[in-house]
Amino acid sequence: MFVQVIQGGVSDAAALKAALERWKTELAPGAAGWLGSTGGVTDDGKFIALVRFESVDAARRNSERPEQAAWWNDVSSLFSDVVFHDCAEVETHRAGGSDSAGFVQVIQGRVTDMPRMRALSREMDEKFGDFRPDVIGGITALHGDGGFTDSVYFVSEAEARAGESQEVPAELREVWDASTALMEDVSYFDLRDPWMMSP
C-alpha cells in the first residue's frame, strides 16, 4: 500500500467536502489502484487526509491524469500552507481503516528508533485488544525521514474518550511507556466528522 498525506489550513470546509464528493463521483471511477481515503477538518480549521493507493505507480498515474490536475487546480484555492507526505511504507493495525468509524484521531510526529517502534507496535497490537475495544484499527504511514502519520479509527468519540481515561494496566504499562518515549514533536488532529471514501 502507498499513502499520500495531504494537510493544510482550509478556508471553507463545506466547499472542500463538496469538492471531494465531486471527485468521488466524477474522477474516482478512472483512478485505477485507488483504495480509499480518510480525512476531515478539525475544530480549528485544519484539514488532513490519508489517501490510499495500491502502489506508488498507481498514485503517480492518478496525479498525471489531466482531469485530476484540473480538479486540484480548482480545489487548491481552498487551502493555505498545503503539505504533502508521500509514504511508500505503510503499516496497518488490527482491522486497519474502517469506513464505519464514528471518530478518527490522526497523530503526527517523529520516531527516534523506527525498528524498535515497529517491534513495540506489533506487541501492542497483540496485547491491547481487550483493553481498548473502542479502537477498530489503524493505519501508520511513514514519511521516510523519521516522521509518521498515524490514523486511529474509533467506534465513537465518546467511547474513545472513555477508553483513553482508563489507567493502563500494569502488564501493558511497560510497552506503552516504551513506545511513547520514542515519539517526539507529536500533534493530534481530532476528526469528529470523518470523511470516508472507498471505491
Side-chain angles (χ1 to χ4, degrees), residues 1-42 45-101 103-111 114 118 136-153 187 189-199:
M1 188 191 302
F2 173 84
V3 167
Q4 184 174 68
V5 180
I6 308 168
Q7 62 190 106
V10 172
S11 59
D12 189 335
L16 178 57
K17 187 174 184 179
L20 290 170
E21 290 171 350
R22 179 167 62 85
W23 186 91
K24 183 177 181 182
T25 300
E26 298 177 4
L27 278 74
W34 172 66
L35 301 177
S37 67
T38 299
V41 178
T42 64
K46 295 175 183 175
F47 171 81
I48 190 163
L50 290 83
V51 186
R52 306 182 301 278
F53 291 91
E54 289 178 355
S55 65
V56 63
D57 289 339
R60 187 184 66 252
R61 288 194 302 270
N62 177 67
S63 66
E64 291 173 349
R65 293 190 298 159
E67 58 270 37
Q68 175 68 28
W71 178 86
W72 176 251
N73 187 57
D74 290 340
V75 172
S76 60
S77 63
L78 298 173
F79 287 97
S80 61
D81 303 319
V82 66
V83 175
F84 297 85
H85 297 289
D86 291 333
C87 306
E89 190 171 357
V90 179
E91 299 176 358
T92 59
H93 310 282
R94 298 197 198 174
S98 173
D99 286 358
S100 66
F103 174 67
V104 175
Q105 186 172 72
V106 180
I107 306 163
Q108 278 189 327
R110 301 186 64 80
V111 172
M114 192 62 73
R118 288 194 188 96
I136 300 170
I139 298 173
T140 301
L142 305 179
H143 301 177
D145 60 357
F148 70 90
T149 299
D150 188 19
S151 57
V152 186
Y153 298 74
S187 300
F189 302 81
D190 290 343
L191 305 182
R192 295 187 169 88
D193 175 27
W195 304 345
M196 312 291 202
M197 295 197 301
S198 297

Walk me through it: do D86 and V56 pass the test side chain to side chain contact (heavy atoms under 4.5 Å, CB included)?
CA-CA 9 Å; D86 291 333; V56 63; over 6 Å; no
Using the rule given for side chain to side chain contact (heavy atoms under 4.5 Å, CB included), can you reason through W71 versus R22, listing the C-alpha separation, both sets of side-chain angles and the distance that settles it, and then say yes or no?
CA-CA 9 Å; W71 178 86; R22 179 167 62 85; 3.3 Å; yes
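Contact annotation: the side chain of F103 never approaches that of L191 to less than 4.5 Å [non-hydrogen atoms, C-beta and beyond]. With contacts defined as side-chain heavy-atom distances shorter than 4.5 Å, the pair L142/V111 does not qualify. For the pair F2 and D57, the minimum side-chain heavy-atom distance is 4.5 Å or more. For the pair V5/C87, a side-chain contact is recorded, criterion being any heavy-atom separation below 4.5 Å from C-beta on.
The number of heavy-atom neighbours closer than 6.0 Å to NZ of K24, taken from other residues, nucleotides and ligands shown, is above 12. Remark: D81 CG is loosely packed, at most 12 non-hydrogen atoms of other residues, nucleotides or ligands lying under 6.0 Å away.
Note: W195 and F47 have tilted aromatic rings, judged against thresholds of 30 and 60 degrees for the angle between ring planes. Between H85 and H143, the two ring planes are parallel [angle under 30°; tilted spans 30° to 60°].
When all heavy atoms of W34 and A28 are compared, the pair lying nearest together is CZ3-CB, 3.8 Å. Closest heavy-atom contact between V104 and A101: CG2-CB, 4.3 Å. Looking at every heavy atom in both residues, D99 comes nearest to M196 through OD1-CB, 3.5 Å. Closest heavy-atom contact between T149 and Q108: OG1-NE2, 2.9 Å. When every heavy atom of M197 is checked against every heavy atom of R52, the shortest pair comes out as O-NH2, 4.4 Å. V51 approaches S37 most closely through the heavy-atom pair CA-CB, 4.0 Å.
In this structure, CG on L78 lies 15.0 Å from NZ on K17, to the nearest 0.5 angstrom. In this structure, CD in E89 is found 7.0 Å from CE in M114, a value given to the nearest 0.5 Å. Residue S187 holds its OG atom at 7.0 Å from NZ of K46, rounded to the nearest 0.5 Å. Annotation: the span from Y153 atom OH to Q105 atom CD amounts to 12.5 Å, rounded to 0.5 Å.
Remark: side-chain polar atoms of R110 are paired, donor with acceptor, to backbone N or O of D145 under 3.5 angstrom. Although no hydrogens or angles enter the test, the distance criterion places a donor-acceptor pair under 3.5 Å between the side chain of R65 and the main chain of L27. The main-chain N or O of Q68 is never found under 3.5 Å from a side-chain atom of W23 such that the two would form a donor-acceptor pair. Proximity of a side-chain donor or acceptor of S77 to a complementary backbone N or O of D74 within less than 3.5 Å is detected.
Between the side chains of T42 and D190, no donor N or O sits under 3.5 Å from an acceptor N or O.
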